[in-house]
Amino acid sequence: MTIRVLLADDQALLRGTFRMLFDSTEDMETVGEASDGRQALELARAHRPDVVLMDIRMPEMDGLEATRLISESEDLTEVKVLILTTFEDDEHVADALRAGASGFLGKGARPEELLDAVRTIAAGEALLSPSATRALIRRFLAQPDPCPAGVHERLECLTPRERDVVGLVALGLSNDDIAEHLFVSPLTAKTHVNRAMTKLAARDRAQLVVIAYQCGLVSPAPESEGSPAPEPEGSQTSV
């Protein structure tokens with residue numbers, strides 16, 4: 001299957017570089033280029049790409065608003081958004097997750113990392129790096145959001161094991177990490193995650209992270225100065 005990618009970035013040179021990379025990859029093709037968020041939304045509706053590679057800071061309409069409008073459109077439910085960002089410096093990680101993004105990638109990523117990220121997002125997984133997870137934790141600790149209406153009732157439908165799994169997803173663990181932590185198989189871990197997604201009406205697994213923090217399912221302790229929170233291994237984590 002060919003993964004159809006839409007590029008949204010206000011830098012033409014960067015879009016051209018991405019296009020050459022995707023179009024030279026056997027299982028991918030570029031279906032369009034947008035220089036701002038409004039154009040990204042229009043092209044998403046016209047081409048129905050599998051993945052939109054979305055920059056945050058763009059003129060006319062930024063990537064956060066474009067992501068929100070794409071995720072809220074009933075005719076674009078199959079379109080996934082991969083946000084381009086700089087984890088340590090970007091304050092919009094939590095906002096992008098709330099808007100419906102399925103993952104994050106730094107602009108300094110290696111070409112093979114970008115290709116793997118697009119494949120991960122296209123397959124319905126969520127891509128959250130340890131850096132992005134830490135930023136999300138800090139944001140929710142500083143400015144906790146109320147749990148959306150109806151979600152507390154749906155949380156009651158989760159089994160104890162599903163609640164544990166959602167909490168581990170919120171900490172940035174992959175299926176393999178969760179399986180090792182709970183002494184189950186990766187397939188069993190994935191099944192628990194998928195069931196939790198269904199019960200909580202989460203668009204994708206990234207939204208489980210938002211729900212976990214908003215509803216207090218995960219309450220991480222603030223990081224001590226000079227002592228960063230533990231991270232899963234690897235620069236990118238597919239959860």
Side-chain angles (χ1 to χ4, degrees), residues 1-12 14-58 61-87 90 92-93 95-129 132 174 194 197 202-210 235-239:
M1 183 185 71
T2 300
I3 300 172
R4 305 170 72 251
V5 183
L6 172 64
L7 307 175
D9 196 292
D10 61 347
Q11 299 182 43
L14 196 56
R15 294 198 310 271
T17 301
F18 288 151
R19 175 181 280 274
M20 286 190 294
L21 176 63
F22 292 134
D23 290 350
S24 64
T25 301
E26 188 173 310
D27 61 339
M28 297 183 190
E29 66 173 340
T30 304
V31 297
E33 296 183 29
S35 59
D36 59 59
R38 193 176 306 281
Q39 189 177 20
L41 177 61
E42 294 172 354
L43 292 178
R45 287 172 172 159
H47 297 293
R48 300 293 199 280
D50 299 301
V51 177
V52 180
L53 196 61
M54 184 82 75
D55 188 21
I56 289 182
R57 295 176 178 86
M58 293 186 292
M61 177 190 293
D62 66 24
L64 294 178
E65 179 66 8
T67 297
R68 184 185 66 79
L69 292 174
I70 288 173
S71 66
E72 290 180 353
S73 298
E74 293 183 0
D75 57 339
L76 298 178
T77 56
E78 299 302 316
V79 177
K80 306 298 182 183
V81 177
L82 175 60
I83 292 287
L84 292 171
T85 185
T86 303
F87 297 125
D90 202 322
H92 301 299
V93 173
D95 292 337
L97 273 178
R98 293 190 193 98
S102 293
F104 304 86
L105 191 70
K107 287 188 175 180
R110 298 188 303 272
E112 59 269 25
E113 290 179 322
L114 174 58
L115 296 175
D116 286 343
V118 171
R119 293 186 183 104
T120 296
I121 296 299
E125 303 287 335
L127 192 79
L128 296 172
S129 80
S174 67
N194 288 342
M197 281 179 53
R203 172 186 170 89
D204 59 27
R205 292 164 66 159
Q207 284 199 333
L208 289 181
V209 178
V210 176
S235 60
Q236 297 292 336
T237 302
S238 172
V239 300

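Counting from 1, the numbers follow the sequence of the chain as shown. We use all heavy atoms of the structure for the numbers below, so side chains are in, but hydrogens, waters and symmetry mates are not.
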Sequence neighbours left out, what passes side-chain contact (heavy atoms from CB on, under 4.5 Å) with Asp23? Give chain and number order. Arg19, Glu29, Thr30

Any side-chain heavy-atom pair of Pro49 and Val79 under 4.5 Å: yes

To the nearest 0.5 Å, how far apart are CG in Asp55 and CG in Asp36? 11.5 Å

Would you compute the distance between atom CG of Leu53 and atom NZ of Lys80 and round it to the nearest 0.5 angstrom? 16.0 Å

Could you check Met58 against Arg38 for side chain to side chain contact (heavy atoms under 4.5 Å, CB included), going step by step and ending with a plain yes or no? CA-CA 9 Å; Met58 293 186 292; Arg38 193 176 306 281; over 6 Å; no

Looking at OG1 of Thr17 and CG of Leu21, how far apart are the two atoms once the value is rounded to the nearest 0.5 Å? 9.0 Å

Distance, nearest 0.5 Å, that separates OG1 of Thr67 from CD1 of Ile56: 8.0 Å

With a cut-off of 6.0 Å (strictly less than), are more than 12 heavy atoms of other residues, nucleotides or ligands near CD of Glu78? no

Closest non-hydrogen atoms of Leu6 and Glu33, given as atom of the first, atom of the second and distance, are CD1-N, 4.0 Å

Give me the atom names and distance for the closest heavy-atom approach of Ala99 to Leu64. CB-O, 3.7 Å

What is the minimum heavy-atom distance between Lys107 and Asp9, and which atoms define it? NZ-OD2, 3.4 Å

Step-by-step side chain to side chain contact (heavy atoms under 4.5 Å, CB included) determination, Phe18 to Leu84: CA-CA 12 Å; Phe18 288 151; Leu84 292 171; 3.8 Å; yes

To the nearest 0.5 Å, atom NE2 of His47 lies from atom CD of Glu42 at 10.5 Å

Could you report the tightest heavy-atom contact between Phe22 and Leu7, atom names first, then the distance? CE1-CD2, 3.5 Å

Less than 4.0 Å between a side-chain N and a carboxylate O, is that true for Asp75 and Arg48? yes

Which heavy atom of Ile83 sits nearest a heavy atom of Ala101, and at what distance? CG1-CB, 3.6 Å

With sequence neighbours left out, the residues meeting side-chain contact (heavy atoms from CB on, under 4.5 Å) with Ala34 are Ala8, Gln39, Ala40, Leu43

Closest non-hydrogen atoms of Leu76 and Ile70, given as atom of the first, atom of the second and distance, are CB-O, 3.7 Å

Once rounded to the nearest 0.5 Å, what's the spacing between atom CD of Gln11 and atom CZ of Arg57? 11.5 Å

